[in-house]
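Heads up, the thing below is written out as structure tokens.
The sequence lines fix the lettering, A, B, ..., with proteins before strands; numbering per chain opens at 1.
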Amino acid sequence: MIDKNQNRRDFIKNLALTGSVAALAASPWLSVLADNSITKGPNEQIQIAVIGTGDRGKQLIRHLFEIPGKPNFKLLAICDNFQLHLDNTLELLKEHNCSPKTYTNHLQLLENEKLDAVIIATPLHQHAQIAINCMQSGIHVFCEKAMARNLEDIKRMYDTHIQQNRILQIGHQRLFNPVYLEGMQRIHNGDLGTIGQIRAYWHRNNNWRRSLPNNDKSLERKINWRLYKEYSAGLLTELLSHQIQVAIWALQKTPISVMGTGSIRFWKDGREVNDNIALIYSFEDGTQFVYDSMTSNKKYGLEEQIMGHKGTIEFEVNRQYSETPPAAPGIQQLINNVEHGLFDNLPIGGSSWVPETASKYKGEPIVKTNDLGDTTLELEAFLKFVRAGSAPEKITKEGYNASIWTILGEQAINTGEQLHMPSEFIL
Amino acid sequence: MKDILIKSKRIKKELLYLLVSLALADLLNVISIIVYKSSWKEIFTQLGYVFMIGILFYILSIIIRVLVRVIKSFF
């Protein structure tokens, strides 16, 4: 059986070798990921801790242990201020014969352990202080998206990363997804022509609540922190932040303004964050990023549609569509024509209006494999960056710009105004 | 129960009809390639369609022959 990890590795190496200058400049982490000279060394074991061991933290730990080739790292400690999370994670780690120390306070962790890197997967409002403390202690940081709860904290994180010269990688796993990497190369090579609009959406039909342990109501805000404004901007920081990052990556520029609206339309259950939102981001060249998200209908799921005058890419379904699709085989055209001739209605009294419904052309796959593994790849890249001592600056900027424009989107919804980036936050 | 006997002559005749139907369908494919200026690869890649159309032609031939026989029986 062909090793799927080897396939993925070969794919990325090939992409890094064949990419145009423009395409590689847009995704400079590709060449680091493809560089096999950054390998493990017996005396260079990377000492890691994971801060925040809830659902996402546990997922990241699973992916960490799935990195192919057994990278030389040791999970030295885990930290969470909720004992149940620590216990569940220790249970999970037994499978990997790993028994890290546990901490309930990240400052104690930093004081007691000599770490090379941390992975932060706490609730959003805690990201900034923890990340800053870690970087100030000389530790490289992988932090889940979005970066922070407000613009000031996002900037503080970025500034600390620059001042301390520590890696700050934000968990936008699409940056490492083979479908996105290949698709972005095509976009940056001009295959889609001039991009006029990017549309993205993320629709779910559930209340987004997690069940409370032992139905303990006092844990509501701790477990369901995504639903409360003090800790989260809801759909914006949890979902939009991924998709605005894709738009900024595709266009290689940041928006100039955003306007939006949102409401609690369906889930009137005491939550504070909107259960539906719609936003329009404008770019200097006139391109728009049109976004919506809701939690009471999932027919359309999620998608990012990059629409140029020569073609369209839909990343989530791994498809590219040409504006001039290849003609159907001759025999099928003949059958269609016979069918139309026999069954179509004849217009009476002049030409009739034909509805401009969506093209039925099903497009072509962007990459052939369905094996994405982007979270494993982003963690593999993080370990490589840590070993190399630095990461491409663009990777931090991708996270920064996505987070800044996510929070500006929230402010646009709250104020009902069209907002521009305050000058102090422009990099 | 009455046995139905199918003579070898009849089998040969039906096979001939099927063969002609498939040949006609293949010819239709070639004509389509020329008319719609598509790729000659379609001679092979569209064999599934050709087979289906061939079967359709054969069924049509059966219907026509049955109709002819029914009409003839009235005269």
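Counting heavy atoms from C-beta on, the side chains of A:L334 and B:V35 never come closer than 4.5 Å. Residues B:Y36 and A:I331 fail the side-chain proximity criterion, which asks for heavy atoms closer than 4.5 Å.
Residue B:K13 qualifies as open at atom NZ: its count of foreign heavy atoms under 6.0 Å is 12 or below. Taking a 6.0 Å sphere around CD of A:E284, one finds it holds 12 or fewer heavy atoms contributed by other residues, nucleotides or ligands. At most 12 non-hydrogen atoms from other residues, nucleotides or ligands lie less than 6.0 angstrom from OH of B:Y49. Within 6.0 Å of atom CZ in A:R186, more than 12 heavy atoms from other residues, nucleotides or ligands are found, so the atom counts as buried in its surroundings.
In terms of heavy atoms, B:S38 sits closest to A:G330 at OG-N, 3.4 Å.
Here the straight-line distance linking atom CD of A:Q332 with atom CD of B:E42 works out to 8.0 Å at 0.5 Å rounding.
No part of B:I34 comes within reach of chain A, as not one of its non-hydrogen atoms sits under 4.5 angstrom from that chain. Looking at B:S32, both its backbone and its side chain come within 4.5 Å of chain A, counting heavy atoms on both sides.
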